[in-house]
Amino acid sequence: MLQRFRLAYLGDAWVNWCPALGTVLANDEVKDGVSERGGHPVERKRMPQWSLRITAYAQRLLDGLDGLDWSGSIKEAQRNWIGRSEGASVKFALTPALSGGEGEMPPTPALSGGEGEVPLSPNPSPGERGTVPGYLTADPAIAGRLMAHANAMRKNPTEAEDKLWQVIRGASVGAKIRRQHIIDRYIVDFVCLPKRLVIEVDGDIHDLQQEEDALRTARLNELGFDVVRFTNKDVLQDTYAVRCKIQKVLAERRDVTQHVDSPPLPRRGAGGEGELAIEVFTTRPDTLFGVSFLTLAPEHELVAALTVPERRAEVEAYVATAKNRSERERQAEVDKVSGVFTGSYAKHPFTGADIPVWVGDYVLGGYGTGAVMAVPGGDQRDWRFAKHFGLPIIAVTEGADIEKEADERKDATICSEGFLKGLKVPDAIRRAIQELEKIGAGQGKVNYRLRDAAFGRQRYWGEPIPIYYKDDIPYPLPESALPLKLPEVDKFLPTESGEPPLARAKDWHYSPSPSEKGPGDEGHYSPLLGRGAGGEDYPLETTTMPGWAGSSWYFLRYMDPHNAKRFASQEAVDYWGQVDLYIGGSEHATGHLLYFRFWTKFLFDLGLIPFDEPAKKLVNQGMIQGVSAFTNVALTTFSYRPGFKPHSEREPSVFVSHSMLEKLKRPAVHHELIEAYRKHVSLDQIHLDGLYVTEYVTRHVPIGLLGKDDALDLNRFIDWRKSWLEYSGEYEFINESNGNYLCTREVEKMSKSKFNVVNPDDIIEKYGADTLRLYEMFLGPLEQSKPWDTNGIEGTFRFLKKFWNLYQPVEDAAAASHIGADPFLSSDAPTKAELKILHATLKKVTEDIGNMSFNTSVSQFMIAVNELSALKCKKYAILEPLVISLAPFAPHIAEEIWMQLGHAESISTAPWPQWEAQYLVDDSFSYPISFNGKTRLQLEFPATLGKEEVEAAVLANPEVQARLEGKVPKKVIVVPKRIVNIVV
RNA sequence: GCCCGGGUGGUGAAAUGGUAGACACGAGGGACUUAAAAUCCCUUGGCCCGCAAGGGCUGUGCGGGUUCAAGUCCCGCCCCGGGCACCA
């Protein structure tokens, strides 16, 4: 299904490969260039990977955000991640190398019209240029005419052409395919230029012109192309099989652009232009006349082809270093400019000037086209590169000081020579795109940072991917062979040769029965029954799906979990619809929560669900963090002592207590250190005056090993060190003056790997689950992260006890009239004050639940309980609704009380009590009286008093008069039932 | 560098532009108790005056502004947390 919609494909992807673990790691499993677990080195490696084309949904994922009631930070993170930028793609035609000698700088390109070797009008026609940029394999003589024709054909493909195009477009078959491409004087249906393969889909008409076709094939062969032909029928019947054949043929062919010395395409036409072009993406096509060089990413496919022989060694060395450098190194050296000239030049699409082509690692292979047009006058990175290598810097905007820095203002006026001169940036961008499109050298383009999502994992625990391989070509299992279940394996580990764990399974094969040959046919899969009767037996995919495969749609499955026919019935998805409220951590902002939306959109497109966003509202709960503890192991100058042989001498691990850390780092005689060493190393080996700590290695310690006052329990620590870390070298502790060893503490994410997990079981054991639940709510706003700290838990525990006591007998209340089964509550009519407390609480709690402000609800309950206790209220009419409102906060105790009140049904079925405004009105209001905004006294007035009456009453008050000292107030502001402010 | 959040007592925090610190923890004092636990009462932002009742000043990261009135709104900074980042 996914493949039919071109949503899943087997392509090459850069992965974090960890040779020691034999697995591919996710980005967040790699820390500082080594695996998070075990600290093994990780390298970037290109591997065939199943990928999902989430990029096809980039725009919709972006647009969809506007209609979602999700937290701003998540939306923003997703916008950043998708990274939409608008601009243009521009093609720079390649010219044959104009290389000078080794190390020589390229000549300054002449960029202003008139000075160049070829005087050009600002908008040359293809005829005038003598070539057609971008369609470089065409015979220029008739290129113009053919191009119009090719465009028309592209817009109006035959059914077969269109079907095939949909499954081979882009680089989905392993290399870039173009359609209706002009080669020489022919328009071929499809071509893969780097692999020199032409793909033709012949309609019925071809039967009548076989002679013509033979000529055409011969000419293409002469130019270095091979031709594969399919008929309309082939394609229409089984597009997928055709695609697989193409993929296979391509896989066997050499990529001519990968080798400098492979025969170049035969060049035709005047001007000697090359057949290829460098395509760049730019958000600033308005700066086109400021281009002074192009920069390719080191991994760009044309680097090798463009390198002139004299520079080959230099370029290859540079590319090799750049590739081997880890991400981390590359980021650490952001300030360092590096690059190398290829020796080749490209043609400026408008001026025709020669633009030198460089390689630089400031250009990223994975973004855009992996190549940039460098405008040092308008882009700071280009500027630094140009400065560093002495390349020309052309001012592109008025008022720019290009000696100092690039001018990146987007409200400037263009000043570089050419038709954009004098235009404001936004206008110039539009104009530049228009002109590029006119000459076919580019077009407006939207680029996304979002990459396709790797969908294979070298793990056991994941859904197996229902794909089998026949002659190394992947085919989907027929639906009858589904579901595919995980096989049994002896160990959940990669094989010795580094294959994923599923490769350990015996009979991990697909065996169709004899009548079931070929993809798409019905067949049944029986890995455990052995081969099918046909004796054929195809290996199954061994990678498994990532966690987000399941997490993207389980909410749908939950709607109808036992449905054997579909993920969920139409009725179920129609009934349940979107998730109303999703509460989740912000750490999933750009992973799960994006895939989750993507998956939903795809299912919507298939017409399987009636909504294209999974969750209407999303709130991030804050993370409860842990307070980690670390030991600090000293690395001292001892280790660096001349002649010291590590391991041959027993250097102890010296654990240094927290407050001693700084002291021991100063070069001085540290008796503590010397003592620690003396026991293990003979003294004369230590240079007494030079023993100090050069740095500390920090290691997490289970917080359970900390005792009172955070002192580390040394015996348990040593045991733990032996059993858990399997390490039992010599050790010494340098303690505080009171003999305690103190750890360094730090707030971090709570995580098993950090040994800072607090188990709620202990809390529940001591206080009960309701207390824990209530305390977590009471801690503060839901969205806020904070370290787990049980200091305040007594407060919620006391509250629950008081709440419980409300429903228990008081000694002198035995005579009260009773109601229901509860022996302690009275049926007396509640007082005004009691009703006010109840309804104020119901109001606050009802509103707070809507706002998810649970901490303030808990406060309100505490106030209610305090006040009702003070009133000794035992009235059923008050306490019954109150316990219902507490039920969502403390369900166990509420249920218990509910039963005690004589109810048979659960409290969760009781209707939510409604608050009534009538009980909340006050008869009087105590006005704060302020002078010039400063509150001085309180005066109580009936609530019915109007503005003027309050003002008169306030001014008549003797205390107010005394404060006025006879002065007449300038102004008196009365806000009814709020405040009175007297301006003097 | 860019984009989001934040910054209020010893602590967690509350506050439609309208009495800053509700509620709770902790701390101090007291009651009950042989004692402990539990429970209850009082005090608790800082500084100052007063024997006291009480009163004054000051105070929500810093500096300005708007307003009768600013933790809250506006402008400019500083700091902390998170996200993105040689993204063309």
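Throughout, protein chains are lettered first and strands after them, A, B, ... in sequence-line order, and every chain is numbered starting at 1.
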>> Heavy atoms only, 4.0 Å cut-off, all strands: where does Asn866(A) land among base, sugar-phosphate and nothing?
In response: sugar-phosphate
> Are the side chain of Asp848(A) and the backbone of Phe854(A) linked by a donor-acceptor contact shorter than 3.5 Å?
Replying inline: no
> Is Phe778(A) touching bases, backbone alone, or none of the nucleic acid, heavy atoms closer than 4.0 Å?
Replying inline: base
> Counting any heavy atom closer than 4.0 Å, what does Val975(A) reach on the DNA or RNA strands: base, sugar-phosphate only, or nothing?
Replying inline: base
>> Any heavy-atom pair between the side chains of Glu949(A) and Phe941(A) that's under 4.5 Å?
In response: no
> Expressed in angstrom and rounded to an integer, what is the separation of Glu783(A) atom CD from C4(B) atom P?
Replying inline: 18 Å
> The side chain of Arg936(A) lies closest to which of these nucleotides: C57(B), A13(B), C86(B)?
Replying inline: C57(B)
> At under 4.0 Å between heavy atoms, what does Gln860(A) touch on the DNA or RNA strands: base, sugar-phosphate, or nothing?
Replying inline: nothing
> Within the structure shown, what part of the strands sits under 4.0 Å from Ile973(A) by heavy-atom distance: base, sugar-phosphate, or nothing?
Replying inline: base
> Tyr362(A) and ring pair (Phe, Tyr, Trp, His ring centres under 6.0 Å): which partner among Phe389(A), Phe385(A), Trp383(A)?
Replying inline: Phe385(A)
>> Say we look at C74(B) and G1(B): how far apart would their C1' atoms be, to the nearest angstrom?
In response: 26 Å
>> In whole Å, I'd like the distance from the CD atom of Gln784(A) to the P atom of A13(B).
In response: 5 Å
>> Ring-plane angle category for Phe350(A) and His348(A), please: parallel below 30°, perpendicular beyond 60°, tilted otherwise.
In response: tilted
> Asn981(A) has a side chain; which of G18(B), A88(B), C84(B) sits nearest to it?
Replying inline: G18(B)
>> Using a heavy-atom cut-off of 4.0 Å across all strands, would you classify Ser930(A) as base, sugar-phosphate, or nothing?
In response: nothing
> Near Lys766(A) NZ, under 6.0 Å, is it more than 12 heavy atoms from other residues, nucleotides or ligands?
Replying inline: no
> Quick one: on RNA chain B, does Gly368(A) or Asn791(A) contact a more 5' nucleotide (nearest heavy atom)?
Replying inline: Asn791(A)
> What integer distance in Å separates His588(A):NE2 from G83(B):P?
Replying inline: 13 Å
>> From CD of Glu408(A) over to P of C87(B), roughly how many Å is that when rounded to an integer?
In response: 9 Å
> Can you check whether Trp70(A) and Tyr582(A) have ring centres sitting under 6.0 Å from each other?
Replying inline: no
>> What's Asn855(A) touching, base or sugar-phosphate or nothing? Going by heavy atoms closer than 4.0 Å.
In response: sugar-phosphate
> Contact class for Arg84(A) (heavy atom, under 4.0 Å): base, sugar-phosphate, or nothing?
Replying inline: nothing
> Among U39(B), U19(B), C86(B), which is the nearest nucleotide to the side chain of Ile979(A)?
Replying inline: U19(B)
> NA contact type, Lys970(A), heavy-atom cut-off 4.0 Å: base, sugar-phosphate, or nothing?
Replying inline: nothing
> Counting any heavy atom closer than 4.0 Å, what does Lys934(A) reach on the DNA or RNA strands: base, sugar-phosphate only, or nothing?
Replying inline: sugar-phosphate
> Lys445(A) near the nucleic acid: base, sugar-phosphate alone, or nothing, with a heavy-atom cut-off under 4.0 Å?
Replying inline: nothing
> Any idea which of G56(B), C86(B), C68(B) is nearest the Arg963(A) side chain?
Replying inline: G56(B)
> A88(B) P sits how many Å from Arg284(A) CZ, rounded?
Replying inline: 11 Å
>> I want to confirm an ordering. Mapping Lys844(A) and Arg798(A) to their closest nucleotides on RNA chain B, which one lands closer to the 5' end?
In response: Lys844(A)
